[in-house]
Number of protein chains: 2
Amino acid sequence: MQETPKQASLFTAIADIQRRKILNLLKEGELSVAAIKAHFDFSGATLSHHLNVLKQAELVRVRRQGQQRIYTLNLSVLEELLLLMNQLLKGDEHEKP
Amino acid sequence: MQETPKQASLFTAIADIQRRKILNLLKEGELSVAAIKAHFDFSGATLSHHLNVLKQAELVRVRRQGQQRIYTLNLSVLEELLLLMNQLLKGDEHEKP
DNA sequence: ATTTTATTTAGATTATCATCTAATTATCTA
DNA sequence: TAGATAATTAGATGATAATCTAAATAAAAT
């Protein structure tokens, strides 16, 4: 029942609110870095850092498309987990019985 | 679909591995501070700090019993969430179909 | 009442992390 | 090929968080 480094990296990744926002954006669909950047105030370097943390945790995947890089959510156990968390966490207001 | 401060405090609370270990200990049952402390290397002050973070996030509850304080998991939406996370995160090895 | 035990609080230190600017890499276009 | 665009990497800085020691609070036992 030991926690693996990979699992730990997940908790680290979702600890930051900006990264959680990025994940939420990507729920709508894949996005280039520039497209993501449009939603935030911080620099491109900072965004790149956040994306890297998410990538290390395998919460996102990247592919190149010309000079841009397209980020997508890694729709696996981990993504479903986040959706579940979101739903459950919002469960304060209206419990659906 | 805005994240509340309370929800944010949850992510912060589970971001630290020591606090995750504490939560896992408490899954077995309620424990005094001293009993928890026996599992860790750091000081009582540090433990107190971590317990406070968990309490702020309402992941744990405290009651007094003489001179000790007994901590229990807050068995609510949030606790179930953690159990789910744990199960799902471990789901690498053996998917139960 | 004094001492001991359990825990928290205060204040300081250290480590980690988010962020910035500047420089670099890679691709595309004129 | 030169210049423009997209993104990452390097290195520095500031903020936040984990940890420590020492002091404070509170209950129990002697």
Side-chain angles (χ1 to χ4, degrees), chain A residues 3-26 29-74, chain B residues 3-26 29-74:
Chain A
E3 183 176 291
T4 69
K6 182 175 169 181
Q7 288 167 354
S9 76
L10 260 179
F11 287 106
T12 303
I14 64 171
D16 183 82
I17 188 161
Q18 313 294 2
R19 288 193 290 266
R20 293 198 296 274
K21 284 180 188 166
I22 292 172
L23 291 175
N24 270 305
L25 282 175
L26 291 176
E30 55 181 33
L31 290 172
S32 70
V33 173
I36 298 171
K37 187 167 183 327
H39 292 81
F40 295 95
D41 286 336
F42 46 69
S43 74
T46 296
L47 175 55
S48 206
H49 161 71
H50 285 312
L51 290 172
N52 192 47
V53 173
L54 292 171
K55 203 168 53 185
Q56 293 310 118
E58 294 185 56
L59 283 164
V60 299
R61 294 216 175 100
V62 210
R63 70 166 198 279
R64 307 193 71 130
Q65 190 169 83
Q67 50 200 142
Q68 8 190 45
R69 294 186 193 187
I70 310 294
Y71 280 81
T72 67
L73 262 196
N74 189 350
Chain B
E3 182 176 292
T4 69
K6 182 175 169 180
Q7 289 166 353
S9 76
L10 260 179
F11 287 106
T12 303
I14 63 171
D16 184 83
I17 188 160
Q18 313 294 2
R19 287 192 291 266
R20 292 197 298 276
K21 284 180 189 166
I22 293 172
L23 291 175
N24 270 304
L25 282 176
L26 291 175
E30 56 182 31
L31 290 173
S32 70
V33 174
I36 298 171
K37 187 167 183 323
H39 293 81
F40 295 95
D41 285 336
F42 46 67
S43 74
T46 296
L47 175 54
S48 206
H49 161 72
H50 284 312
L51 290 172
N52 192 48
V53 173
L54 291 171
K55 203 169 53 183
Q56 293 309 118
E58 295 186 54
L59 282 165
V60 299
R61 294 216 175 101
V62 211
R63 68 166 200 280
R64 307 192 71 130
Q65 190 170 83
Q67 50 199 143
Q68 8 189 43
R69 295 188 192 186
I70 310 295
Y71 280 81
T72 67
L73 262 196
N74 189 350

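A note on names: the letters A, B, ... follow the listed sequences, proteins ahead of strands, and every chain is numbered from 1.
Taking CG from B:Leu73 and CG from B:Leu31, the interatomic distance works out to 9.5 Å, rounded to the nearest 0.5 Å. Distance check: B:Asp41 CG to B:Leu47 CG gives 12.0 Å after rounding to the nearest 0.5 Å. The distance from the OH atom of B:Tyr71 to the CG atom of B:Leu51 is 4.5 Å, given to the nearest 0.5 Å. Distance check: A:Leu54 CG to A:Leu23 CG gives 5.0 Å after rounding to the nearest 0.5 Å. Here the straight-line distance linking atom CZ of B:Arg61 with atom OG1 of B:Thr72 works out to 6.5 Å at 0.5 Å rounding. A distance of 9.0 Å separates OG1 of B:Thr46 from NZ of B:Lys37, quoted to the nearest 0.5 Å.
Under the side-chain contact (heavy atoms from CB on, under 4.5 Å) test applied with A:Val60, the options A:Asn74, A:Ile22, A:Val53, A:Leu26 reduce to a single match, A:Leu26.
Only B:Gln67, B:Gln68, B:Arg69, B:Tyr71, listed by number, bring a heavy atom of residues 64-71 of chain B to less than 4.0 angstrom from any atom of DNA chain C.
To the nearest angstrom, P of D:dA7 lies 13 Å from CD1 of A:Ile22. One can place CG of B:Leu51 at 16 Å from P of C:dA6, the figure rounded to the nearest angstrom. The NZ atom of A:Lys37 sits 15 Å away from the P atom of D:dT5 (whole-angstrom rounding). Between B:Leu47 atom CG and D:dT19 atom C1' the separation is 12 Å, expressed in whole Å. In this entry the distance linking CZ of B:Arg63 with C1' of C:dA6 reads 15 Å, nearest Å. If you take CD1 of B:Ile17 and P of C:dA15, they are 19 Å apart, rounded to a whole angstrom. Put simply, CD on B:Gln56 is 15 Å from C1' on D:dA17, counting in whole angstrom units.
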Polar atom pairs (N or O), protein with nucleotides 17-20 of chain C, under 3.5 Å:
| from | atom 1 | to | atom 2 | distance (Å) |
| --- | --- | --- | --- | --- |
| C:dA18 | OP1 | A:Arg19 | NH1 | 3.3 |
| C:dA18 | OP1 | A:Arg19 | NH2 | 2.8 |
| C:dA18 | OP2 | A:Arg19 | NH1 | 3.4 |
| C:dA18 | OP2 | A:His49 | NE2 | 3.1 |
| C:dT19 | OP2 | A:His50 | NE2 | 2.4 |
| C:dC20 | OP2 | A:Ser43 | N | 2.6 |
| C:dC20 | OP2 | A:Ser43 | OG | 3.1 |
| C:dC20 | OP2 | A:Thr46 | OG1 | 3.0 |

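Under the 4.5 Å side-chain criterion, counting only non-hydrogen atoms from C-beta, A:His50 is in contact with A:Phe42.
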